[in-house]
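In what follows, every heavy atom counts, from backbone to side chain, and hydrogens, waters and symmetry copies are set aside. Order of listing sets the numbers, starting from 1, for every ligand and every atom in it. Note that the structure is predicted; figures quoted are calculated from it, not measured.
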Amino acid sequence: MAEAGEVARVASRAQVGLGAPLVEVEVHLGAGLPNFTIVGLPAAAVRESRKRVRAALACCGYELPAGRITVNLAPADLPKEGGRYDLPIAIGILLASHQLRAGRALEACELYGELGLGGELRAVHGLLPAAAHAAVAGHDIVVPQANAWEAAMAAPRVAGAAHLREVCAWIAGDATACQRSAKVPGGASTPPAAIANAEATASVEATASDAVFELDLRDVRGQRTAKRALTVAAAGSHSVLLVGPPGSGKSMLAQRLPGLLPPLAPAEALEVATIASVGGRIVERANWGRRPFRSPHHTASAHSIVGGGSRARPGEVTLAHLGVLFLDELPEFDRRVLESLREPLENGRIAITRAAYEFQYPARFQFVAAMNPCPCGYLGDESGRCHCAPGDVERYRGRLSGPLLDRLDLRVLVPRVTESVCDEPAADEASSAVLVRSVVAARARQLERAGRLNAQLAVRELAVHCALTPTCNSLMAASRRKLALSARSQHRILRVARTIADLGACERIAPEHLAEAIQLRRGWEEATR
Ligand SMILES: [Zn+2]
């Protein structure tokens, strides 16, 4: 059946950082002893892919051509991960051996999918950037059905298939063999009806971000200062440190920050979904447009936080892009991990260098950290149960470097809530839905005035946008002397005061705005002295 000298070509894409360069899968059949070679993939991936392709072809009633099969994934110098090339390799073999004839123009078509041993198509990671690039190139793409919804968010012509046989029928010219997606003009695609099925069965890694979007700040009783700090943080994109004893609700509060942030714009939603896709999640309708909330454990490695490893995967700082990164028990994190946060906190980006590549990942997240006030956790608590020596408290807090602590704009005490507060009705507490409206209005003022949010104002811009009245100037001078404020601290206080004024729809920073900004930064230290 196989004729010597035939070459079939099928297009697919690799995943490099957040990009998706084209990969041509060439299949050559030659005379000689039976041999199946794949070049251009790492050795382990080759072994696995060959086994899957061989079994899938046999299960579907096709023959593995006798003689030499050479598969080349070009260009060779691109890093490639195994599974997604199974489908183009299998189709290339069928085309080269004339077991399949193309009834449509395959030059304008890209194939993706990992094959099960029975020929079923399994979802692959990182498909969204590939779909976006395919759309730019004007290509059709064929993807596993479990990826079809995700692909349809970026590409207009997606065919979702559950099995190798469906792809073969589709390539042969049967337009009904795969589920087509339809894109609605001017925005997000409507997922094809048949894909609802795939959505239900797709194995999606459940993460904390699934549950936090619906959480309302109103569910947390009391904690007025902390709630105010979160609202200010949301309005100006400021970072927050929550200090309080165990069980005081620091995590509950942090989880409610995404709900205070304005909805993602369509381009932002696509960016967040692209990162999630590259990070190993299958993007689904339920997650679309949600701001990420990431809360890595304090034992996390620097690689998992900033990204890297052999595959240069995005780390937590990138997975939290345009959302919230929450580090509970901040002093327990490895010192190197904490130091590695400085670059993304400063630039909103992170560079990861691998042998041949440098990846730039976006990492503009809102940073929320939590810690106990002392080693036992109860310093300043009304129970008086803390007996930590002053030296121990100092050492505990000393685990945080000055530069990192300086970058936390708002630092508030989260005391244990007494039972009387818990019994009070929540009626007079503002809901997240109400607060987010004032956040959106405050952000609009900032963008109109400076083109960016207050937390991102450069030092030289402070004199323009955060100019102080003489009264405010003397208040700042008095605080500087009393609290020994560094220049960096004063800059941060100015930005926060500007945000507080914006929340009040005020043109100028008034003394009460400045006083609240100082209190939101330094109040906790006095309370736990
Ligand atoms: Zn203590």
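Listed by chain and residue number, the protein N/O/S atoms under 2.8 Å of the Zn ion (ligand 1) are Cys374 SG, Cys376 SG, Cys386 SG, Cys388 SG, with waters left out.
At least one side-chain heavy atom of Leu327 sits less than 4.5 Å from a side-chain heavy atom of Phe367.
In this structure, the side chain to side chain donor-acceptor pair (under 3.5 Å) partners of Arg349, at least two apart in sequence or on a different chain, are Gln360. For the side chain to side chain donor-acceptor pair (under 3.5 Å) test, residues two or more places apart in sequence or in another chain that qualify with Ser251 are Asp328. For Lys80, there are no side chain to side chain donor-acceptor pair (under 3.5 Å) partners, not counting sequence neighbours.
If you take CZ on Arg228 and CG on Leu230, they are separated by 11.5 Å, rounding to the nearest 0.5 Å.
Leu242 pairs in a side-chain contact (heavy atoms from CB on, under 4.5 Å) with only one of the listed residues (Leu253, Leu330, Leu413), which is Leu253.
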